[in-house]
Amino acid sequence: MIRNPPPWPNGARCAVAFSFDVDADSVVHATHRAGAIDMPHALAHMRYDPFVATPRLAELFAAHNVPLTCFVPGWVMETYPAAIEAILRHGNEIGHHGHFHEWPNQQSVEAERETLQRGIEIIERTTGCRPRGYRAPYYGLSPKTFDLLIEAGLAYDSSLFADDVPIVLDNGKGRLLELSVPASVDDYNQYVSSRAFDYLMKISSPRQALEVYKAEFDALWEFGGLWVSVWHPAVSGRPAQALAIRDLVRHMQAKGDVWFATLSEIADHIGGLIETGAWQPRTEHLPFYAAPVLGGRP
């Protein structure tokens, strides 16, 4: 079913990376700017993330010896140091996620480069290490995002629903690993219905959401793929949802032959396989198309 699964460490059947986008209320300020202070409901909803959910999740995963990768906007790093300390206390990874959770594809190239550099500096100053990876806010990649990531020396991106295993993105000047995300493993699709965010969907029970997550994992376990979550503490860090995560981790551990790793660790492993020739991924050359396939406006 997966034609070219990579060999995972210690003979594991699949790799699992639990990742969270720790947005806090940056999304409210980025979207509404000066009007954000008039939206206490939305602000309180998202401030649950750093004050309650992120510390809870960090402890939950540490109790099960499972590492996390947390993508954090620079403003959140500076505004909520206690939440960042809770992440780092357990040896988890922090990746780049913009500064105010801006849409990259709504920025000029210069503004996107400045945002990328600003986030790198904040993460490096806070953690003592440059970030290895990036996830685009809103998945809103611009035509130049990958060029900028390669220029900045990042090792990987995790924003595309591009494959079931890692792939390489090559722009002719450098290369970047893409650690793809299963399209169904995003908690907003399961749990979020909020008038404050104009995001109205039927809310799934944690049991229903867990069935989706388990099914995706079981398939990738069978065929040797990479399972990556895209979750948000303000959503999945609430009690019922956190218990569902605990049940999912226990399901994975009971199944066995799973390599739990940060995305940085996965990038290092894949890079080593490529360097030694032990495995070669599919390569996508950038841009995907040099010119529009169809002319004119839709």
Would you please test T69 and E265 for side-chain contact (heavy atoms from CB on, under 4.5 Å) and show each step? CA-CA 10 Å; T69 296; E265 290 171 333; over 6 Å; no
Does any donor atom in the side chain of [X] or [Y] lie under 3.5 Å from an acceptor atom in the other side chain?
X	Y	answer
S236	D187	yes
T145	E112	yes
Y48	R238	no
Y188	D21	no
D247	Y213	no
H251	D218	yes

Is a side-chain N or O of [X] found less than 3.5 angstrom from the main chain of [Y], in a donor-acceptor match?
X	Y	result
W8	G224	yes
Q241	P233	no
H96	L116	yes
S229	S19	yes
T79	V76	no
E178	L160	yes
Q280	I274	yes
R13	E222	yes

Can you name the closest pair of heavy atoms from [X] and [Y] and give their distance?
X	Y	value
F217	C14	CE1-SG, 3.7 Å
A53	A234	CB-N, 4.4 Å
P166	W279	O-CH2, 3.5 Å
R135	H97	O-ND1, 2.8 Å
A24	D49	N-OD2, 3.0 Å
P131	L154	O-CG, 4.1 Å

Around atom [atom1] of [X], are there more than 12 heavy atoms of other residues, nucleotides or ligands at under 6.0 Å?
X	atom1	value
R118	CZ	no
I37	CD1	no
F288	CZ	yes

Given side chains that start at C-beta, do those of [X] and [Y] come closer than 4.5 Å, heavy atoms only?
X	Y	answer
V109	D147	no
W231	V185	yes
P81	I84	no

Hydrophobic clusters here meaning ILVMFWY residues chained together by side-chain heavy-atom distances under 4.5 Å, can you tell me if [X] and [Y] are in one?
X	Y	answer
I122	F100	yes
V230	Y134	no
L220	F223	yes
F51	I87	yes
Y139	L149	no

Apply side-chain contact (heavy atoms from CB on, under 4.5 Å) to the pair D25 and W75, showing each step before the final yes or no. CA-CA 10 Å; D25 50 322; W75 179 81; 3.6 Å; yes
Does F20 form a side-chain contact (heavy atoms from CB on, under 4.5 Å) with L68? I'd like the steps, not just the answer. CA-CA 8 Å; F20 284 84; L68 295 175; 3.8 Å; yes
From [X] atom [atom1] to [Y] atom [atom2], the distance as rounded to the nearest 0.5 Å:
X	Y	atom1	atom2	result
N105	K144	CG	NZ	14.5 Å
M46	S26	CE	OG	7.0 Å
L263	I270	CG	CD1	11.5 Å

Look at the aromatic rings of H269 and W259 and report parallel, tilted or perpendicular, splitting at 30° and 60°. perpendicular
Is there a salt bridge (Lys or Arg N to Asp or Glu O under 4.0 Å) between E78 and R125? Walk through the geometry before answering. CA-CA 10 Å; E78 294 182 316; R125 184 168 64 246; 3.1 Å; yes
List the steps, then state whether side-chain contact (heavy atoms from CB on, under 4.5 Å) holds for R175 with I150. CA-CA 6 Å; R175 292 154 66 91; I150 291 169; 5.8 Å; no
Chi angles and distances behind the ring pair (Phe, Tyr, Trp, His ring centres under 6.0 Å) call for F18, W227: CA-CA 8 Å; F18 282 95; W227 186 97; 5.1 Å; yes
